[in-house]
Amino acid sequence: MSLVKYICVYCGSSNGRLEAYGDAGAVLAQALVKHNIGLVYGGASIGVMGKVADEVLALGGEVIGVIPKALAHKEVAHHHLTQLHVTDTMHERKMLMAELSDGFIALPGGIGTFEELFEIWTWAQLGFHHKPCGILNVAGYYDALIQFLDHVLAEQFVKQGTRDLLMVELDPYILLDRFINYQAPPIKTWLNKAEI
Ligand code: AMP
């Protein structure tokens, strides 16, 4: 039986330029519900965030929102979720989202999405968690970032093992299959860098 019960989705509080971004959120939502996986996300009703949550709810799935009180109004907290946690701070929000989730997926989004993705990937690199992390590269949105990450690898500021912790797929069903079958590699952290 799969150990993946909840997946955290990081994505834009805006819709972005293309309808494809929101549409991809809806397809990811369908894939989650099909696998009986609950959604954990930032709790907003707007942008790609709102699209993913609305589609999971429309299909009868479970949605847990986590929003800091300072943003509950600004980001228009979604009031029809299965559960909405309102935290005191942004750090508590991200920590709770991480604790509740068995894996992390980024859809297209802005700097908030990047910050969340990079933090959770960094935590995987350090062995603070052993959960899968991935990007859904919708309409080539993340092509330039992936190219830059190859540059970072070539310039030896990141190791191949760390780069490999971040999966990149176009199809949410393929990404979810990889998550469900994921076996975390042994992590060599900066603590035992001498062995790397
Ligand atoms: P964005 O991708 O910028 O539209 O933001 C997506 C989500 O990330 C929103 O729920 C933002 O509240 C959140 N966010 C923005 N800045 C940060 C940050 N520094 N740390 C964590 N989350 C953030």
Side-chain angles (χ1 to χ4, degrees), residues 6-29 32 38-57 61-126 128-129 131-149 165-170 172 175:
Y6 291 94
I7 283 186
C8 180
V9 176
Y10 304 127
C11 56
S13 54
S14 310
N15 288 314
R17 186 176 63 89
L18 302 178
E19 271 189 32
Y21 303 140
D23 292 349
V27 178
L28 173 58
L32 290 172
L39 168 69
V40 174
Y41 86 117
S45 61
I46 51 176
V48 180
M49 297 174 75
K51 293 235 162 70
V52 182
D54 284 343
E55 183 71 6
V56 172
L57 291 169
E62 186 180 351
V63 182
I64 301 177
V66 187
I67 196 162
K69 62 183 178 201
L71 287 184
H73 177 63
K74 198 172 154 223
E75 285 199 350
V76 197
H78 199 306
H79 293 293
H80 303 284
L81 305 177
T82 317
Q83 274 183 67
L84 180 67
H85 296 278
V86 181
T87 61
D88 283 334
T89 67
M90 186 67 96
H91 284 107
E92 285 173 37
R93 175 205 224 179
K94 290 188 293 179
M95 181 56 82
L96 184 57
M97 288 166 80
E99 282 170 4
L100 291 171
S101 306
D102 305 305
F104 308 91
I105 294 176
L107 281 167
I111 58 174
T113 302
F114 305 155
E115 199 268 353
E116 292 167 320
L117 173 69
F118 275 86
E119 180 175 69
I120 209 70
W121 182 22
T122 309
W123 289 357
Q125 167 183 244
L126 296 172
F128 292 172
H129 71 78
K131 303 171 184 179
C133 304
I135 289 176
L136 276 177
N137 188 20
V138 180
Y141 179 72
Y142 282 113
D143 283 355
L145 176 68
I146 293 159
Q147 203 179 358
F148 180 69
L149 293 176
L165 289 172
L166 185 67
M167 304 175 202
V168 181
E169 293 290 349
L170 178 55
L175 188 60

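Residue numbers run from 1 in the order of the sequence given. In each ligand, atom 1 is the first atom listed, and ligand 1 is the first ligand listed. Computed from a prediction, not measured in an experiment: that's the story for all the values here.
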Would you say the side chain of [Y] lies within less than 4.5 Å of the side chain of [X], judging by non-hydrogen atoms?
{"X": "Val56", "Y": "Leu28", "answer": "no"}
{"X": "Leu166", "Y": "Leu149", "answer": "yes"}
{"X": "Arg93", "Y": "Glu116", "answer": "yes"}
{"X": "Met97", "Y": "Tyr10", "answer": "yes"}
{"X": "Leu165", "Y": "Trp121", "answer": "yes"}
{"X": "Tyr6", "Y": "Leu100", "answer": "no"}

Proximal protein residues to ligand 1, non-hydrogen atoms under 4.0 angstrom: Cys11, Gly12, Ser13, Met49, Leu71, Glu75, Met90, Arg93, Lys94, Gly109, Gly110, Ile111, Gly112, Thr113, Glu115, Glu116

